[in-house]
Protein chains: 4
Amino acid sequence: MSVRGGDKYAAILDAAQHVIARQGYHNAQISRIAAEAGVAAGTVYLYFQNKPDLLVCLFRERLNLLVSEIKEAIGDAVDPREKLRRAIAQHLRSLGTRPELAAVTQIEMRQADTQVQQQISNLMKGWFAVIDQIIAEGQASGLFTREVPAKQIRNLIFGTLDQTVTAWVMSGYKFDILALAEPTYRLIAHGVMQHREGGVGNGDSGSPEADL
Amino acid sequence: MSVRGGDKYAAILDAAQHVIARQGYHNAQISRIAAEAGVAAGTVYLYFQNKPDLLVCLFRERLNLLVSEIKEAIGDAVDPREKLRRAIAQHLRSLGTRPELAAVTQIEMRQADTQVQQQISNLMKGWFAVIDQIIAEGQASGLFTREVPAKQIRNLIFGTLDQTVTAWVMSGYKFDILALAEPTYRLIAHGVMQHREGGVGNGDSGSPEADL
Amino acid sequence: MSVRGGDKYAAILDAAQHVIARQGYHNAQISRIAAEAGVAAGTVYLYFQNKPDLLVCLFRERLNLLVSEIKEAIGDAVDPREKLRRAIAQHLRSLGTRPELAAVTQIEMRQADTQVQQQISNLMKGWFAVIDQIIAEGQASGLFTREVPAKQIRNLIFGTLDQTVTAWVMSGYKFDILALAEPTYRLIAHGVMQHREGGVGNGDSGSPEADL
Amino acid sequence: MSVRGGDKYAAILDAAQHVIARQGYHNAQISRIAAEAGVAAGTVYLYFQNKPDLLVCLFRERLNLLVSEIKEAIGDAVDPREKLRRAIAQHLRSLGTRPELAAVTQIEMRQADTQVQQQISNLMKGWFAVIDQIIAEGQASGLFTREVPAKQIRNLIFGTLDQTVTAWVMSGYKFDILALAEPTYRLIAHGVMQHREGGVGNGDSGSPEADL
DNA sequence: TATGAATGAGATTTCATTCAT
DNA sequence: CATGAATGAAATCTCATTCAT
């Protein structure tokens, strides 16, 4: 049986997430994670090379989930605006319905050392690629502004989402983050300024706004 | 004489920033910071309660600098849009001209434990207050959208700036972050969507756009 | 069927020698030895009680080989001097033609813990017995000095051979150890001092020296 | 005060020797050595880089002692035979009067891993140099045989001494090793063979034998 | 104020060995 | 006989902090 396919692999990752979320990154000893997973400490090393590897695998697994959920949410949408709208909503939904995971990704894992951060940073490219694709389509179709570098648009989108989820976690989950999906989309799409009637972004009848 | 007034206080903070920037957060031992500051390790404890306190003090000091520079940049501007524009530009300028500080605030200090993060989070309220004030004025004057909660507008502004500086540091300072001030303002102000002629945000003659 | 008769028994010993020689004593894990032998780790414990037992068995097997080769080399020699000469030559030949084995016996196995060393020490008595027999015969026949305890003569002979092989291994096998057989015999037989003509040890026409 | 000059430096080395001799190499934990030395475990790392470094320093210190004692014993002797005789006697005396040290050098330290062994091997060159010098003088003066490579003479001398001390330690110190000095010298000097009257090596009236 | 030598708690990781299959 | 997944004990080393001077 494949090492990564074993149910202990998933059990250890789940345990790591639990422990990190509850006890904090720096208190997440291998021994606690192993105990939580119901295995011996040494067993962890049958599935992961070392502690950093375990953490990177955890992040990869969860990020892959996030990205796949977002891709699925985008589904067959054609309009880049609609794609953006769905991607934003799904990002907030994927983390907003998993407070424990959100705490891990937004707060705790950021305490990892530079080596792990570097690998996490590489993994983020998977999610960036999805955003970049939407931006490229949007600019190609003339729907998105070309006055600003695509990378900076990505910084706007990702930075806003990241900060939103972080604020939610640090607030103690005290507000309804799912309700922020649409306002956040509007902000990103149309900006902070007051929209005149007949203003920005109201495209054809298939426009995102029309769907709401 | 005030403890905080001694030049060793500042020397230790400067040393901490140097060491953290060069060696990374997890290699920034008190002994190295003390050596860099030209004092004995024990002396650090005459000026700071403990290591977390030192880090929080460092962050507070630098954030206060950032906020005061931003307030000064805003100066006597009246139009909330202009205030926003200047604030964005100054945030990027304050960090963009201090790569070492940017590395510390964007990358290294985020590895601090949850306790320190919590205190840093509180300190951030100083900078958030400036943003929130601009937003409040913007919304009150009808220039900024009221369809979106002010806090979410703050998340957009801060998240975008934060992500921009982080991307700049992680790129190895390979692009001109100061040149991103205006595009970033436009994105935040007008959004991602293509702006129609006569579109959003062209206010009076004192409008930001008119200044460009 | 005898456990020790199985070919896996020999295969595991061979594998142990390979692995110890290549990876060093402290990197010679049971799992690697098993893999090299083409069996599962657990299988090793069907043939050996534990790791120390495996090492002792390996040493015993190889020492038995050495001793039997030496005895065979001595063959039908009668003169104790000739016996000594042949024993010395064969010791150097047995190890000098098996560099891997020499590395294991001279360098790696010496890192074994005191418990194993004690058992190895006992096994050495087999080889010592051969030397001691030659010494006894030499002293009985009046050919070898009686001024020195037989045990110390043994220390001279064994110590010199042992150090010679060790030096050869540590040199990276860079000199011809077989060529040292005769000089080593001469040193041991006649000592370091310059030999006068008609000096020590020129026995009858069958003396070793006559053969050179 | 020099780090290596502090009395704790010597105290830790002494403690290491005690613990290794009593508990065996593999049971010589830093914590036990520190306790024996009357310091905290962490203090050991103020004086030594790591455990291997401690062991190498211990060996170096003791070997330097041995070599200096031997050099002093050789003193003003001129005849290479006398120098050899004194060197042999002092080697046996230096270790024979320090059973604990002998156990450490002959048995326990040989269990060190390859890294440490390599450094120990380099340190041995100091002692080898003394022997080699005597051999060179002996050969130059025509007193020592030139038929055998000097290095092999060194192997004879060192190998015999080493094996002698090892046998003494493994016997549980059950024989008088100091009494072996003269017989060992004779063996090395004159060889195993029966010495004719007026035999080998009777030099001038100042010859070593005349002194006995 | 200032020093810096000393402290000591605490976690990762390895690997010989077992045992259910 | 054979397997190999799982076990779990054990020790090095770091570094924030203290305190006698």
Side-chain angles (χ1 to χ4, degrees), chain A residues 1 3 6-9 12 26-35 37-54, chain B residues 1 3 6 8-9 12 26-35 37-55, chain C residues 1 3 6 8-9 12 26-35 37-55 113, chain D residues 1 3 6 8-9 12 26-35 37-54:
Chain A
M1 108 190 46
V3 162
D7 56 352
K8 287 198 176 142
Y9 180 84
I12 292 168
H26 288 104
N27 281 335
Q29 296 101 338
I30 289 287
S31 56
R32 290 194 203 189
I33 293 171
V39 301
T43 303
V44 172
Y45 291 85
L46 297 177
Y47 294 89
F48 303 93
Q49 292 171 23
N50 45 37
K51 192 175 179 183
D53 182 50
L54 166 60
Chain B
M1 83 196 66
V3 163
K8 285 189 182 168
Y9 180 86
I12 293 168
H26 286 105
N27 282 335
Q29 296 100 339
I30 289 286
S31 57
R32 289 196 205 191
I33 292 171
V39 301
T43 303
V44 172
Y45 289 85
L46 298 176
Y47 293 88
F48 303 93
Q49 292 171 27
N50 47 35
K51 192 175 180 182
D53 181 50
L54 166 60
L55 297 172
Chain C
M1 84 194 68
V3 163
K8 285 187 181 169
Y9 180 85
I12 292 168
H26 287 105
N27 282 335
Q29 297 101 337
I30 290 287
S31 56
R32 288 196 205 189
I33 292 171
V39 301
T43 303
V44 171
Y45 290 84
L46 298 175
Y47 292 89
F48 302 93
Q49 292 170 25
N50 47 35
K51 192 175 181 182
D53 182 49
L54 166 59
L55 297 171
D113 59 37
Chain D
M1 106 190 50
V3 164
K8 288 197 175 144
Y9 181 85
I12 292 167
H26 287 105
N27 281 336
Q29 297 102 335
I30 290 287
S31 56
R32 290 193 203 191
I33 293 171
V39 300
T43 303
V44 172
Y45 291 86
L46 296 177
Y47 293 89
F48 303 94
Q49 293 171 22
N50 45 36
K51 192 175 179 182
D53 182 50
L54 166 60

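Reminder, nothing fancy here: chain letters follow the sequence lines and each chain counts from 1.
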Taking only the side-chain heavy atoms of Gln29(D) (C-beta and beyond), determine which of dT17(E), dA6(E), dA11(F) contains the nearest atom. dA11(F)

Write down the distance between CZ (Phe48(B)) and C1' (dT17(F)), rounded to a whole number of angstrom. 16 Å

Among dT17(E), dT7(F), dT13(E), the one nearest Ala40(A) by side-chain distance: dT7(F)

Interatomic distance, His26(C) NE2 vs dT13(E) P [rounded to whole Å]: 21 Å

Where each residue is assigned the nucleotide of DNA chain E containing its nearest heavy atom, which of Ala28(A) and Ala41(C) is assigned the position nearer the 5′ end? Ala28(A)

For Ile12(B) and Tyr47(B), work out which heavy atoms get closest and say how close. CD1-CD1, 4.0 Å

For dC15(E), give its Watson-Crick or G-U wobble partner with both distances under 3.5 Å, or none. dG8(F)

Any strand is fair game: report the nucleotide pairing with dT21(F) by Watson-Crick or G-U wobble, both distances under 3.5 Å, or none. dA2(E)

Is the shortest heavy-atom distance from the side chain of Ile30(A) to the side chain of Leu54(A) under 4.5 Å? yes

Between CG of Leu54(B) and C1' of dT17(F) the distance, given in whole Å, is 14 Å

Distance (rounded to the nearest 0.5 Å) between Leu55(B) CG and Ile33(B) CD1: 7.0 Å

Specify the residue among Asn50(D) and Asn50(B) whose closest nucleotide of DNA chain F lies further upstream toward the 5′ end. Asn50(D)

Short side-chain N/O contact to dA2(E) OP1/OP2 from Lys8(B), under 4.0 Å: yes

Consider the side chain of Tyr45(B), meaning its heavy atoms from C-beta on, and name the nucleotide among dT18(F), dT18(E), dT14(E) that approaches it most closely. dT18(F)

Map Arg32(A) and Asn27(C) onto DNA chain E by nearest heavy atom, then report which one ends up closer to the 5' terminus. Arg32(A)

Give me the atom names and distance for the closest heavy-atom approach of Val39(A) to Lys8(A). CG1-CD, 3.8 Å

Taking atom C1' of dA5(F) as reference, at what distance in whole Å does atom CD1 of Ile30(C) sit? 17 Å

Under 4.0 Å from OP1 or OP2 of dA6(E): is there any side-chain N or O of Tyr47(D) that close? yes

Rounded to whole angstrom, note down the C1' distance from dT1(E) over to dT21(F). 13 Å

Rounding to a whole Å, what distance do you find between Lys51(D):NZ and dT12(F):P? 4 Å

May I ask you to say what Val44(D) touches in the nucleic acid, namely base, sugar-phosphate or nothing, with a heavy-atom cut-off under 4.0 Å? nothing

Picking from dA2(F), dC13(F), dT7(F), the nucleotide nearest the side-chain atoms of Leu46(A) would be dT7(F)

Using whole Å, report how far CD1 of Ile12(D) lies from C1' of dA6(E). 11 Å

From Lys51(B) NZ over to Tyr45(B) OH, what is the distance, rounded to the nearest 0.5 angstrom? 8.0 Å

Atom OH of Tyr9(A) and atom OG1 of Thr43(A): how far apart are they, to the nearest 0.5 Å? 15.5 Å

Separation of dA5(F) P from Tyr9(A) OH (nearest whole Å): 16 Å

According to a strict under-4.0 Å criterion, is Thr43(B) in side-chain N/O contact with OP1 or OP2 of dT3(E)? yes

To the nearest angstrom, the CG-P distance between Asp53(B) and dA16(F) comes to 14 Å

